[in-house]
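What follows is a single structure, written as structure tokens, with notes after it.
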Amino acid sequence: MRAQSSAIAPSRIAVGAAGTDPGGKSFGTVQAALGVVAFSLTFPATAWGLEGFGPWSLIAVRSILAAAVAGACLLVLRVAPPERRHWLGLAVVGAGVVLGFPLLTTLALQTSTTAHAAVVVGLLPLTTALLSALRIGTRPSRTFWIAALAGAAAVIAFTVQQSGGALTSADAYLFAALLVCAAGYTEGGRLARVMPGWQVIGWALVLCLPVTVPMAAVALSYEPVQLTAHSVTGLLWVAIGSQFLGLVVWYRGMAAIGIPKASQLQLAQPLLTLVWSVLLLGEHLTVAAPLTAAAVLVCIAVTQRARG
């Protein structure tokens, strides 16, 4: 009987880790929500970082710092390299969330306010859910899609209204960022089912070093650097908070509750970023910005209660 009990215990632990029981799903929701909070500070932190770094320097240095932390964890814990079949997925994660999304959004923030960029990126949940359905075959319910589309429609209306009916170059960067980030989230969520979430982003960061190190060397030689309290704080947050720790809990949350439902928690991200942009950057919001963010926030409750 004692041997039987010990055999059952690991299976219970495995079930909890996979997030197939209510407790595991609740904890997964908390982890995904923590990831959203970390991501909501990314745009204000990037704006701070741009006060002392050029866009290319900021992206390269943040990735290298995050890779240094992740690589140290992998070495200290003696984590074996992933199986060969997982490297392509890790490359997609790296291209999407380590390089593509940070670079494109940083370029956008040179001419766009953080408030505007945050609401445009409110389309990310829908984009991620769509790619998840295509890549992994997830099938959320009709209620889920109606709520997701309603949130996306509010974001599109805001974008058109803010740009006077025409898309700007910043919007082009932001929409491209949506696609590459959604691809990275989808692959990362899939890989987090077979390896710990921190290893997914850890190996993706290390995999990008052959690109980010030369990029940093070239960028730093051309773009002036001014170390201030804001620029250093912004750099450290986007490197450690957003690029590593935020993605660790985010991927764990997606593995526990599923990519579509986790992605819809990001509908709260624009509202949070709007709050940070006022508190940290002193930006002034138009009436449309908080109203749009509140509208997409309402959709979260619907998507989280929807079946599938």
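Values reported hereafter were calculated over all heavy atoms of this structure, with side chains retained and with hydrogens, waters and symmetry mates removed.
Under 3.5 Å, the side chains of W48 and T233 contain no donor-acceptor pair of N or O atoms. In this structure, a donor-acceptor pair under 3.5 Å is present between the side chains of S242 and T42.
L77 and L74 fall within the same hydrophobic cluster, defined by Ile, Leu, Val, Met, Phe, Trp and Tyr side-chain heavy atoms under 4.5 Å apart, directly or through other members. Note on F175 and V180: same hydrophobic cluster, where clusters join Ile, Leu, Val, Met, Phe, Trp and Tyr whose side-chain heavy atoms are under 4.5 Å apart, directly or indirectly. There is no path of hydrophobic side-chain contacts, each under 4.5 Å, that joins M195 to V92. Following chains of ILVMFWY side-chain contacts shorter than 4.5 Å, one cannot reach F101 starting from V249, and the two form parts of different hydrophobic clusters. L227 and L236 end up in the same hydrophobic cluster when Ile, Leu, Val, Met, Phe, Trp and Tyr side chains are linked at under 4.5 Å.
With values rounded to the nearest 0.5 angstrom, L245 atom CG is found 15.5 Å from W250 atom CH2. From E223, atom CD reaches atom CG of L50 across 9.5 Å, with rounding to the nearest 0.5 Å. Rounding to the nearest 0.5 angstrom, the gap separating the CG atom in L281 from the CZ atom in F43 is 12.0 Å. How far CD of E51 is from OG1 of T228: 5.5 Å, rounded to the nearest 0.5 Å. To the nearest 0.5 Å, the span separating OG1 on T46 from CG on L109 amounts to 6.0 Å. Rounded to the nearest 0.5 Å, atoms CD1 (I64) and CD1 (I59) are 11.5 Å apart.
Between V61 and L220, the closest side-chain pair of non-hydrogen atoms falls below 4.5 Å. By the 4.5 Å heavy-atom criterion applied to side chains, P55 and L103 are not counted as neighbours.
In this pair, W87 and W203 present their aromatic rings perpendicular. The plane angle is above 60°, beyond the 30 to 60° band. The aromatic rings of F39 and Y185 lie parallel to each other, with less than 30° between the two planes, well short of the 60° mark.
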- Checking side chain to side chain contact (heavy atoms under 4.5 Å, CB included) for the pair L104/L174: CA distance, chi angles, key distance, verdict? CA-CA 6 Å; L104 291 166; L174 291 170; over 6 Å; no
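With a 6.0 Å radius and a threshold of 12 heavy atoms from other residues, nucleotides or ligands, W276 has its CH2 atom at or below the threshold. For L279, the CG atom is densely surrounded, since the number of other residues' heavy atoms within 6.0 Å is greater than 12.
S63 and T212 get closest at one heavy-atom pair: CB-CG2, 3.6 Å. Nearest heavy-atom pair, A117 versus S112, reported as atom, atom and distance to 0.1 Å: N-OG, 3.7 Å. The minimum heavy-atom distance linking A38 with G241 is given by the pair CB-O, 4.0 Å. For the pair F244 and A66, the tightest heavy-atom approach, listed with the atom from each and the gap, is CB-CB, 4.5 Å. T114 and S277 make their closest contact through OG1-CB, 3.1 Å (heavy atoms, listed as atom of the first residue, atom of the second, distance). The shortest heavy-atom contact between G71 and V206 is CA-CG2, 4.2 Å.
Of the residues V238, T273, L280, the one that meets the side-chain contact (heavy atoms from CB on, under 4.5 Å) test with L41 is L280.
Residues passing the ring pair (Phe, Tyr, Trp, His ring centres under 6.0 Å) test with H86: none are found, sequence neighbours excluded. Residues that satisfy the ring pair (Phe, Tyr, Trp, His ring centres under 6.0 Å) test with Y173, not counting sequence neighbours, are absent from this structure.
In terms of modelled atom types and a separation under 3.5 Å, the side chain of T186 and the main chain of A182 share a donor-acceptor contact. A donor-acceptor pair is defined here as one N or O able to donate and one able to accept, closer than 3.5 Å; such a pair exists between the side chain of T105 and the backbone of P102.
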